[in-house]
Visitor: 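There's a structure below that I have some questions on.
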Amino acid sequence: MAEKKKGIFATLSAINTADKVKEKNGLKYLPWSSAIQIVKGIYPNTTFEVVPQIMDDKGNTRPWHDDGKTGWVEVIVKIQSDDGEVCEAREMLSIMNFKNQSIPSKDITSVDANNSIKRCLCKALAIAGGIGLYIYEGEELPDEVATVIKLQNECMNLIKKKCELSEKAKEKVGELCKAADADANGDPRLINDIDTLTTLKKQLMAVRK
């Protein structure tokens with residue numbers, strides 16, 4: 001009997017990237033060039049897209065977002081195998097300085113945004129395909145990013161749990177998610193503000209049957 005072929009996540013998460021991991025300011029990371037080289041070397045049909053912010057009614061855009069306080073970038077990754085399997089992730093990352101602190105929106109430059117896009121690309125590849133995923137465990141994430149990811153996951157788990165209660169609860173959950181952040185289209189995974197996510201989590205916890 002032929003051995004079953006491993007899927008995308010099983011294949012990439014099993015790759016030892018220890019010899020490619022770098023460290024800066026006490027944080028470990030997999031360089032974006034190494035991540036792309038590994039993934040596209042196995043799955044050449046892999047694509048990624050930077051989600052822009054629309055700046056005016058003429059449709060002009062820029063490759064990063066801000067809420068008037070801080071900024072973030074969004075990247076969509078789609079890893080595709082030859083046999084039709086697809087692993088996709090849409091991830092966000094705060095635009096931070098060399099101390100891993102959020103940069104005020106008025107001070108963000110295109111260089112800052114580009115650096116964050118590359119880091120976000122690595123994060124999306126890790127979430128979608130598992131490459132270097134272990135790097136993002138626990139304290140190895142900057143505190144702010146770790147908190148955002150934790151809250152996003154908690155909100156998603158609450159959404160699933162509350163939507164199973166009743167149609168009324170499901171409707172209420174949808175209303176709360178859409179009201180939390182208009183730009184997120186009701187998806188907590190697209191919300192990058194800790195206060196907003198914390199409030200949404202409390203509101204979701206209060207939903208009853």
Visitor: When rounded to the nearest 0.5 angstrom, what distance separates SG in Cys87 from CD1 in Ile79?
Guide: 6.0 Å
Visitor: Apply side chain to side chain contact (heavy atoms under 4.5 Å, CB included) to the pair Asn114 and Thr109, showing each step before the final yes or no.
Guide: CA-CA 9 Å; Asn114 184 59; Thr109 68; over 6 Å; no
Visitor: Just do the side chain to side chain contact (heavy atoms under 4.5 Å, CB included) check on Asp187 and Cys177 with the steps written out, would you?
Guide: CA-CA 7 Å; Asp187 189 342; Cys177 290; over 6 Å; no
Visitor: Are the side chains of Pro104 and Thr70 in contact, using a 4.5 Å heavy-atom criterion?
Guide: no
Visitor: Looking only at heavy atoms, what is the nearest atom pair of Ile8 and Ser81, with distance?
Guide: CD1-N, 3.9 Å
Visitor: Stepwise, does the side chain to side chain contact (heavy atoms under 4.5 Å, CB included) test hold for Val77 with Val75?
Guide: CA-CA 6 Å; Val77 161; Val75 174; 4.1 Å; yes
Visitor: Does Lys209 offer a backbone N or O that forms a donor-acceptor pair with the side chain of Ser166 under 3.5 Å?
Guide: yes
Visitor: Closer than 3.5 angstrom, by distance alone: can the side chain of Thr17 be matched with the main-chain N or O of Gly132 as a donor-acceptor pair?
Guide: no
Visitor: For Lys69 versus Asp193, what's the shortest heavy-atom pair and its separation?
Guide: NZ-OD1, 4.1 Å
Visitor: Are Tyr29 and Pro31 side-chain neighbours, meaning at least one heavy-atom pair lies under 4.5 Å?
Guide: yes
Visitor: Could you check if a side-chain atom of Pro188 sits within less than 4.5 angstrom of a side-chain atom of Leu200, using non-hydrogen atoms only?
Guide: yes
Visitor: Is it the case that the side chains of Lys161 and Asn157 hold a donor-acceptor pair, with the cut-off being a distance below 3.5 Å and no angle test?
Guide: no
Visitor: With a sphere of 6.0 Å drawn around CZ of Phe9, does it hold more than 12 non-hydrogen atoms of other residues, nucleotides or ligands?
Guide: yes
Visitor: Determine which pairs satisfy salt bridge (charged side-chain N to carboxylate O under 4.0 Å, His left out) with at least one residue from residues 162-176, sequence neighbours left out, and list them in order.
Guide: none
Visitor: Using the test ring-ring contact (aromatic ring centres under 6.0 Å, His included), find all partners of Trp72 that sit at least two apart in sequence or belong to another chain.
Guide: His65
Visitor: Can you give me the closest heavy-atom contact between Cys163 and Val173, atom names plus distance?
Guide: SG-CG1, 3.9 Å
Visitor: For Gln101, is there any backbone N or O sitting under 3.5 Å from a side-chain donor or acceptor partner on Asn97?
Guide: yes
Visitor: Taking all non-hydrogen atoms of both residues, which atom of Ser116 and which atom of Leu93 are closest, and how far apart?
Guide: O-CD2, 3.7 Å
Visitor: As an exercise, state the distance from CG of Asp82 to CD of Gln80, rounded to the nearest 0.5 Å.
Guide: 10.0 Å
Visitor: Within the structure provided, determine whether Val50 and Val73 are in side-chain contact (heavy-atom separation under 4.5 Å).
Guide: no
Visitor: Quick check for you: to the nearest 0.5 Å, what is the distance between Leu197 atom CG and Asp181 atom CG?
Guide: 8.5 Å
Visitor: Just grab all the salt bridge (charged side-chain N to carboxylate O under 4.0 Å, His left out) pairs involving residues 194-208, residues at least two apart or on different chains.
Guide: Glu154-Lys201
Visitor: With side chains defined as the heavy atoms from C-beta onward, is the minimum distance between Ile117 and Pro63 less than 4.5 Å?
Guide: yes
Visitor: What pair of heavy atoms forms the shortest contact from Ile54 to Asp56, and how long is it?
Guide: CG2-O, 3.4 Å
Visitor: To the nearest 0.5 Å, how far apart are CG in Asn60 and CD in Gln53?
Guide: 12.0 Å
Visitor: Decide yes or no for Ser94 and Ser102: does some side-chain heavy atom of the first lie under 4.5 Å from some side-chain heavy atom of the second?
Guide: yes
Visitor: Check Leu165 against Ala169 and note the closest heavy-atom contact, atom names and distance.
Guide: CB-CB, 3.9 Å
Visitor: Are Ile76 and Leu12 linked, directly or through other ILVMFWY residues, by side chains that come within less than 4.5 angstrom of each other?
Guide: no
Visitor: Is any side-chain heavy atom of Lys78 closer than 4.5 Å to one of Thr46?
Guide: no
Visitor: Going hydrophobic residue to hydrophobic residue with side-chain gaps under 4.5 angstrom, can you get from Val86 over to Ile38?
Guide: no
Visitor: Looking at CH2 of Trp64 and SG of Cys120, how far apart are the two atoms once the value is rounded to the nearest 0.5 Å?
Guide: 15.0 Å
Visitor: State, with a plain yes or no, whether a side-chain heavy atom of Leu121 is found less than 4.5 Å away from one of Ile36.
Guide: yes
Visitor: To the nearest 0.5 Å, what is the distance between CD1 on Ile95 and CD1 on Ile108?
Guide: 4.0 Å
Visitor: With side chain to side chain contact (heavy atoms under 4.5 Å, CB included) as the criterion, how do Leu158 and Met205 come out once you've worked through the C-alpha distance, each side chain's angles and the decisive distance to 0.1 Å?
Guide: CA-CA 7 Å; Leu158 281 168; Met205 290 175 66; 3.6 Å; yes
Visitor: Could you tell me whether a side-chain N or O of Asn115 sits under 3.5 Å from a main-chain N or O of Lys118, the two making a donor and an acceptor?
Guide: no
Visitor: Using the rule that Ile, Leu, Val, Met, Phe, Trp and Tyr join whenever any side-chain heavy atoms are under 4.5 Å apart, tell me whether Ile191 and Val51 fall into a single cluster.
Guide: no
